[in-house]
Amino acid sequence: MPTNAAIAIFETAPRDASLVMTRPKPEKRKNAKQKAKDKYKEKTTEDGTTPMTATAKSEVDSQAKAQEKAKAERKAATKVASKAAKAERKAKRTAAKAA
C-alpha cells in the first residue's frame, strides 16, 4: 500500500509527453506493375542498359518453350525411328535363322 507521500509525488509530477507512442501510417500497397518499376528503376546491366521488361521476358520465355517443345518432338521422333530400326534388324535375324 503506497504512502501518502508517494501518492502526493505521483499526483504532482508532470506527465511526460514522450511516452505517447505513435506509429507512422503504412505505405499504400503497390500493384505488380508498380513493384516491377521500383525493382528495375535504378538497376542497370554492365553495358549500361536497363534489364528486360516483363513483355520482353515473356517473349524470351515463349521462345524458350517453343525450343524445348521442338527438342522434345525431335527426341520422340528419334526414339520411334530407333525402335523401328531395331524391329527391322530383329525381323532380318529371325528370317536368316529360318532359312
Side-chain angles (χ1 to χ4, degrees):
M1 187 168 209
T3 63
N4 286 341
I7 293 174
I9 292 171
F10 181 73
E11 288 177 350
T12 58
R15 289 190 173 224
D16 189 8
S18 66
L19 293 177
V20 177
M21 301 288 254
T22 60
R23 67 182 188 94
K25 184 177 178 182
E27 188 176 327
K28 183 180 175 185
R29 293 187 181 200
K30 298 179 180 180
N31 63 23
K33 188 174 183 180
Q34 290 171 329
K35 286 179 185 176
K37 280 183 182 179
D38 291 345
K39 183 177 180 181
Y40 293 111
K41 187 184 291 181
E42 295 183 17
K43 290 185 179 181
T44 55
T45 57
E46 294 170 0
D47 61 353
T49 59
T50 55
M52 286 194 286
T53 61
T55 307
K57 275 190 175 183
S58 66
E59 290 174 5
V60 169
D61 289 345
S62 65
Q63 289 173 356
K65 286 179 184 178
Q67 289 173 351
E68 289 176 6
K69 184 177 179 182
K71 184 177 179 181
E73 289 174 358
R74 284 193 306 269
K75 188 174 181 180
T78 304
K79 192 173 184 179
V80 169
S82 173
K83 285 189 176 192
K86 184 177 180 181
E88 188 178 333
R89 287 193 305 270
K90 186 176 181 181
K92 285 182 182 179
R93 281 195 306 266
T94 50
K97 283 184 182 180

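Along the sequence shown, residues carry numbers from 1. In what follows, every heavy atom counts, from backbone to side chain, and hydrogens, waters and symmetry copies are set aside. Everything quoted here is computed from the prediction, not taken from an experiment.
Considering Glu68, Lys75, Arg74 as possible partners of Lys71, the one that fulfils the side chain to side chain contact (heavy atoms under 4.5 Å, CB included) test is Arg74.
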### Task
For the pair Lys83 and Val80, evaluate side chain to side chain contact (heavy atoms under 4.5 Å, CB included) and give the outcome as yes or no after the intermediate values.
CA-CA 5 Å; Lys83 285 189 176 192; Val80 169; 5.9 Å; no
Could you go through residues 85-99 and list every donor-acceptor pair under 3.5 Å that involves a side-chain atom there, pairing it with any protein atom two or more places apart or in another chain?
| unit_1 | atom_1 | unit_2 | atom_2 | d |
| --- | --- | --- | --- | --- |
| Thr94 | OG1 | Lys90 | O | 3.2 |
| Thr94 | OG1 | Ala91 | O | 2.9 |

